[in-house]
Amino acid sequence: MTAATEIVTGVDFVTIPTQDLDAAVEFYGTMLGLERSVYRPERNFAEFETGTVTLSVVVAEKMGFPFVPTSNPLALHVDDVEAARATLESRGVEFNGDMLDTGVCHMAFFSDPDGNAFMLHHRYAKRVPTG
């Protein structure tokens, strides 16, 4: 694709719906330890930085769309899934099942207080293009 035809150049943020902004702010900031870059409770949202993509946590119904938790997990990169999981469990995060090893990456699945699906993810083998 050439610069003249390129339209999308990246992902600015991902919207994470919530029904309780205060609980979400506590979860993403304290439990996950993400940097909060914006906090606008009067406008029904807060933003957290992951290093690559901003998580925009919004009170869905006050922003004009229905609250529906995200059921497909958003993969959060960590250097060591087992260590990160242990840290989060010590903070009260509950995981769904054991760590998964796919042969190229490790994953551990959990949800935020609103039921939005997440996974800790670490690719340990090189990506091999398939075509």
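For the numbers below, each heavy atom of this structure counts, side chains included, while hydrogens, waters and symmetry mates do not.
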Listed pairs under 3.5 Å, donor-acceptor, residues 51-62 side chains, sequence neighbours left out:
unit_1 : atom_1 : unit_2 : atom_2 : d
Thr54  : OG1    : Glu49  : OE1    : 2.7
Thr54  : OG1    : Glu49  : OE2    : 3.2

*For the atom pair CE (Met31) and CD (Glu26), what is the distance rounded to the nearest 0.5 Å?*
7.5 Å
*Could you grab the distance from atom CG of Asp112 to atom CZ of Phe118, nearest 0.5 Å is fine?*
5.5 Å
*Evaluate the side chain to side chain contact (heavy atoms under 4.5 Å, CB included) criterion for residues Tyr124 and Thr102: first the C-alpha distance (whole Å), next the side-chain angles of each, then the deciding distance (0.1 Å), finally the verdict.*
CA-CA 10 Å; Tyr124 59 81; Thr102 67; 5.6 Å; no
*Can you pull the side chain to side chain donor-acceptor pair (under 3.5 Å) pairs that have at least one residue in residues 12-25, sequence neighbours excluded?*
Thr18-Asp114, Asp22-Tyr39
*Which heavy atom in Ala46 sits nearest to a heavy atom in Val25, and how many Å separate them?*
CB-CG2, 3.8 Å
*Return the set of residues passing side-chain contact (heavy atoms from CB on, under 4.5 Å) with Pro113 (not counting sequence neighbours), or none when no residue passes.*
Phe27
*Who passes salt bridge (Lys or Arg N to Asp or Glu O under 4.0 Å) against Arg40, sequence neighbours left out?*
Glu42
*asked:* Once salt bridge (charged side-chain N to carboxylate O under 4.0 Å, His left out) is applied, what residue pairs with a partner in residues 63-86 remain, sequence neighbours excluded?
replied: Arg85-Glu89
_Joint hydrophobic cluster, Val104 plus Val78, side-chain heavy atoms closer than 4.5 Å_ = no
*Going only through I, L, V, M, F, W and Y residues with side-chain contacts under 4.5 Å, is there a path from Phe65 to Phe45?*
yes
*Do Val38 and Ile16 share a hydrophobic cluster, counting only Ile, Leu, Val, Met, Phe, Trp and Tyr and linking them when any side-chain heavy atoms are less than 4.5 Å apart?*
no
*asked:* A quick test of your reading: do over 12 heavy atoms of other residues, nucleotides or ligands sit less than 6.0 Å from CZ of Phe13?
replied: no
*asked:* Suppose clustering is done on Ile, Leu, Val, Met, Phe, Trp and Tyr with side-chain heavy atoms closer than 4.5 Å. Which residues sit in the same group as Met107?
replied: Leu100, Phe109, Met119
*Do other residues, nucleotides or ligands put more than 12 heavy atoms under 6.0 Å from Arg43 CZ?*
no
*asked:* Rounded at 0.5 Å granularity, tell me how far CD in Glu94 sits from CG in Leu88.
replied: 12.5 Å
*So, for Pro69 and Asn116, which heavy atoms are closest and what is the spacing to 0.1 Å?*
CA-OD1, 3.3 Å
*Can you see which heavy atom on Arg91 is nearest to which on Leu32, and at what distance?*
NH1-C, 4.0 Å
*CZ/Phe48 to OG/Ser37 distance, rounded to the nearest 0.5 angstrom?*
8.0 Å
*Under 6.0 Å between the ring centres of His77 and His122?*
yes
